[in-house]
Amino acid sequence: MLYDRVNFYLDASGAEIVIGDRTYINRRTEIMSKSLVKIGNDCAISWDVVISDTDYHEIEGSVSTKPIVIGDKVWIGCKSTILKGVTIGNGAVVAAGSVVTKDVEPYTLVAGIPAKVIHKDVRWN
């Protein structure tokens, strides 16, 4: 389910955005891909979230684009940002306003800028 003003940007040849079953994405969220953004089943992505697998610029000696994989039943809070190369495990929760720069283990709550582990073995409905 896509709410009002959700935007998808496929910004390179072969870029993909894959969204699983029963996932909903709330208003004004933007998903940008130059490679791959994969979102699992039963995810809840709140409003004003940014998910980008690219920096859109390149610093010499660095990689500007890396795939993002978001597992099943992941909850991403409003105004969060998910950056390139991140994998978010099944059942994880990203607190509102977080900036995720590193992988998140399954069933883990992360929060902050940059996002850090707050609690493990979380479950949400």
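Sequential numbering from 1 along the given sequence is applied to the chain's residues. These numbers come from a predicted model, not from an experiment. In what follows, every heavy atom counts, from backbone to side chain, and hydrogens, waters and symmetry copies are set aside.
- Side-chain contact between V100 and I76 is absent, with no heavy atoms from C-beta onward closer than 4.5 Å.
- At a threshold of 4.5 Å between non-hydrogen side-chain atoms, the residues T54 and D11 do not count as touching.
- By the criterion of side-chain heavy atoms lying less than 4.5 angstrom apart, applied directly or through intervening Ile, Leu, Val, Met, Phe, Trp or Tyr residues, V69 is not grouped with I17; the two fall into different hydrophobic clusters.
- Without hydrogens or angle criteria, D53 side chain to L36 main chain gives a donor-acceptor distance under 3.5 Å.
- A donor-acceptor pair under 3.5 Å is formed between the side chain of T108 and the backbone N or O of P106.
- Panel note: side chain T81, backbone V99; no donor-acceptor pair is recorded below 3.5 Å.
- Using a 4.5 Å cut-off on side-chain heavy atoms (C-beta onward), W75 and V122 make no contact.
- Scanning both residues, W124 and V93, for their nearest heavy atoms gives CD1-CG2, 3.6 Å.
- For the pair I45/V6, no side-chain contact is recorded, criterion being any heavy-atom separation below 4.5 Å from C-beta on.
- Note on D42 versus R22: salt bridge recorded, some NZ/NE/NH1/NH2 to OD/OE distance being below 4.0 Å.
- Between the T29 side chain and the V49 main chain, a donor and an acceptor come within less than 3.5 Å of each other.
- At least one donor-acceptor pair closer than 3.5 Å links the side chain of S80 to the backbone N or O of A95.
- Side-chain atoms of I70 and I51, non-hydrogen and from C-beta on, do get closer than 4.5 Å to each other.
- In terms of the side chain to side chain contact (heavy atoms under 4.5 Å, CB included) criterion, residue partners of W47 (sequence neighbours excluded) are, by chain and number, N26, R27, R28, C78.
- Although no hydrogens or angles enter the test, the distance criterion places no donor-acceptor pair under 3.5 Å between the side chain of K66 and the main chain of S35.
- Under a hydrophobic clustering in which Ile, Leu, Val, Met, Phe, Trp and Tyr are joined whenever their side-chain heavy atoms come within less than 4.5 Å, directly or via other members, I31 and L83 fall into different clusters.
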Evaluate side-chain contact (heavy atoms from CB on, under 4.5 Å) for Y107 paired with R123, printing each intermediate quantity in order.
-> CA-CA 7 Å; Y107 306 102; R123 304 282 188 243; 2.6 Å; yes
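- Using a 4.5 Å cut-off on side-chain heavy atoms (C-beta onward), M32 and V50 make contact.
- Under a 3.5 Å cut-off, the side chain of D72 and the backbone N or O of G40 do not form any donor-acceptor pair.
- Side chain of K102 to main chain of P114: no donor-acceptor pair is present (N/O by atom type, distance under 3.5 Å, no hydrogens or angles).
- Under the side chain to side chain contact (heavy atoms under 4.5 Å, CB included) criterion, T23 pairs with I19, I25, I39, C43, sequence neighbours left out.
- At most 12 non-hydrogen atoms from other residues, nucleotides or ligands lie less than 6.0 angstrom from CD of E105.
- When hydrophobic clusters are built by joining Ile, Leu, Val, Met, Phe, Trp and Tyr residues whose side-chain heavy atoms come closer than 4.5 Å, directly or via intermediates, Y56 is not grouped with V86.
- Taken together through direct or relayed side-chain contacts under 4.5 Å among Ile, Leu, Val, Met, Phe, Trp and Tyr, V104 and V117 form part of one hydrophobic cluster.
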